[in-house]
Asker: 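For reference, the structure I am asking about is given below.
Order of the sequence lines fixes the chain letters, A, B, ..., with proteins taken first and strands second; residue numbering starts at 1 for each chain.
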2 protein chains.
Amino acid sequence: METHKLIYYLRKWTNIKDEEAGVILTAFEPISLKKKEELIVPGETCEYIYFITKGCVRSYFVDDKGNDHIFQIRMDNSWIGDLESFYSHQPSKYYIESLEETQLLRIKEETLDELFLKVPALERYFRILFQKAYVNALNRLSDQMWEPAINRYHNMLKEHPDMFQRVPLVYIASYLGITPESLSRIRKQR
Amino acid sequence: METHKLIYYLRKWTNIKDEEAGVILTAFEPISLKKKEELIVPGETCEYIYFITKGCVRSYFVDDKGNDHIFQIRMDNSWIGDLESFYSHQPSKYYIESLEETQLLRIKEETLDELFLKVPALERYFRILFQKAYVNALNRLSDQMWEPAINRYHNMLKEHPDMFQRVPLVYIASYLGITPESLSRIRKQR
DNA sequence: TGTATTTCTTAACATAGATCAAGTGTAAAA
DNA sequence: TTTTACACTTGATCTATGTTAAGAAATACA
């Protein structure tokens, strides 16, 4: 019997017994998105968090002038959702949209809370997940504040080369906090 | 018997029984810092995480040109430490320094891991703590990327008015990602 | 296969915020 | 009380990145 991808990733940081793995898997519901389909939109409450088994999505908001601002791009084997809306039950401010055909597993808060009681190792997994996500966000913040755009671009090229194969540069520019024109100029310099 | 401050804050998000509270409290070690004393310095591994019971600290790094870049300012009843170094056992890149006389509670990773096994509710507390910290860091990132400095200043004034009473503007400027000169100009405009 | 649409680049000009260099207050130290 | 160091402000100039506008390339579509 082959181990499910999700379980494979959970086991990287925690001990999940086989019977627990079964309980976990039945709690998640698989869904799929075509290219450019919306997973969440502003005004609606984000009722699920999602694990991307295959594909690519972006989280962004639209400002008063109608410009997109992308703060997350996530690909295979990562989590996505509006955590703020998910836990506060308040309407989301964000869009989350697929950039290609995407397969996800979703879970509701109630179901997740029940799982945490049945499988404490899962709560440990999420503790570690958020801890790492927090450290990453702080590092990204620090780069955004004090590294010039050209360095941010080169770091991204090194750390996520795969994104450049799958995601249009307009989106990558926004994720880097610059305009597509600036990115284009940066790329011209060697 | 009065409840300890730390327990009071843990109980905001989790159920800690009285006997568990005792176990937790004995695992933490109180320390105190004079004004401008260093808690961690680059090159050393951060072996503890700290809960500030009273006082104020900043986390920052120093770039090639010798400029400080402050990415965190924390006051009473919050957690501080270099999580990346703490969990990876790699040398820290940061300084953490007190800005005033400060009292803290510290705990080692081993001790914390043992506590997590004895008191699962504590691991839940940290799961929620990191989750919230992550959401905050993403919001701060988004502001840094797409809000002009003047808005970031006004938001900070609204959300942390207390900091302006206790922290010099030079540090607040760095935290906002601008120079003291720019902050001064922003403040002049009404 | 040709046409439309999206993606990417280029150039001229504008601007927020940085840098450099003095200066003024203010508070600790002597 | 005077000195010294730190905190804050001001002005002149500079620079990275944004804005606007156009066109070229690439991709999807008919």
Asker: Looking at A:D82 and A:K93, is there a salt bridge between them, counting it only when a charged N and a carboxylate O are closer than 4.0 Å?
Answerer: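 Salt bridge absent between A:K93 and A:D82.
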Asker: When you measure from the side-chain N and O atoms of A:T179 to the phosphate of D:dT17, is any distance below 4.0 Å, counting only OP1 and OP2?
Answerer: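 So the side chain of A:T179 is outside the cut-off, no N or O lying under 4.0 Å from OP1 or OP2 of D:dT17.
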Asker: Rounded to whole angstroms, how far apart are CG on A:D63 and P on D:dG18?
Answerer: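 Atom CG in A:D63 sits about 13 Å away from atom P in D:dG18.
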Asker: Can you tell whether the side chains of A:K118 and A:D113 come within less than 4.0 Å, N to carboxylate O?
Answerer: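 Looking at A:K118 and A:D113, the cut-off is not met.
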Asker: Rounding to a whole Å, what distance do you find between A:I150:CD1 and D:dT15:P?
Answerer: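 In whole Å, D:dT15 P lies 16 Å from A:I150 CD1.
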Asker: What is the distance, to the nearest angstrom, from the CG atom on B:N67 to the C1' atom on C:dT19?
Answerer: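 In whole Å, C:dT19 C1' and B:N67 CG are 11 Å from each other.
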Asker: Does B:R140 make a cation-pi contact with B:Y175 (under 6.0 Å, within 45 degrees of the axis)?
Answerer: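 Pair B:R140/B:Y175 counts as cation-pi.
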Asker: Taking all atoms of both residues into account, what is the closest heavy-atom pair of A:W79 and A:R74, and its distance?
Answerer: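 So the two residues come closest at O-NH1, 2.5 Å.
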Asker: Give a yes or no on whether a salt bridge exists between B:R124 and A:E123, defined as a side-chain N under 4.0 angstrom from a carboxylate O.
Answerer: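 So B:R124 pairs with A:E123 through a salt bridge.
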Asker: Rounded off to whole Å, could you give me the CG-to-C1' distance for the A:L176 and D:dA16 pair?
Answerer: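 From A:L176 CG to D:dA16 C1': 15 Å.
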Asker: Could you state the atom-to-atom distance from CD1 of B:I178 to C1' of D:dA16 in whole Å?
Answerer: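 From B:I178 CD1 to D:dA16 C1': 17 Å.
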Asker: Is it possible for you to say whether B:Y50 and B:L129 belong to one hydrophobic cluster, with membership spreading through side-chain heavy-atom contacts below 4.5 Å?
Answerer: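 Each belongs to a different hydrophobic cluster.
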Asker: Which parts of nucleotides 25-30 of chain C does protein reach within less than 4.0 Å, heavy atoms only, written one letter per nucleotide 5' to 3' as B for base, S for sugar-phosphate only and - for none?
Answerer: ------
Asker: Round to the nearest Å and state the distance from A:K188 atom NZ to C:dT10 atom C1'.
Answerer: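 Atom NZ in A:K188 sits about 6 Å away from atom C1' in C:dT10.
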Asker: Can you measure B:L183 atom CG to C:dA18 atom C1' for me and round it to whole angstrom units?
Answerer: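 Taking atom C1' of C:dA18 as the reference, CG of B:L183 is at 14 Å.
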Asker: I want to verify a distance call: between D:dT20, C:dC8, D:dT17, whose nearest atom is closest to the A:E181 side chain?
Answerer: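 Among the listed nucleotides, the one closest to the side chain of A:E181 is D:dT20.
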Asker: Among C:dC8, D:dG18, C:dA11, find the nucleotide with the atom closest to the side chain of A:P168.
Answerer: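 Closest nucleotide to the A:P168 side chain: C:dC8.
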Asker: Within 45 degrees of the ring normal and closer than 6.0 Å to the centroid, is that where the cationic atom of B:R58 sits relative to B:Y171?
Answerer: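 Flagged: B:R58 positioned over aromatic ring of B:Y171.
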Asker: Looking at the side chain of B:V170, which of D:dA7, D:dG11, C:dG17 is the nearest nucleotide?
Answerer: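 From the listed options, D:dA7 comes nearest.
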Asker: Side chain of B:S182: nearest nucleotide among C:dT7, C:dG17, D:dT17?
Answerer: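 The answer is C:dG17.
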Asker: Specify the residue among B:L169 and B:R185 whose closest nucleotide of DNA chain D lies further upstream toward the 5′ end.
Answerer: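 Nearest nucleotide further toward 5': that of B:L169.
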Asker: What is the distance from CH2 of B:W146 to C1' of C:dG17, rounded to the nearest Å?
Answerer: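 Roughly 19 Å, once rounded to whole Å.
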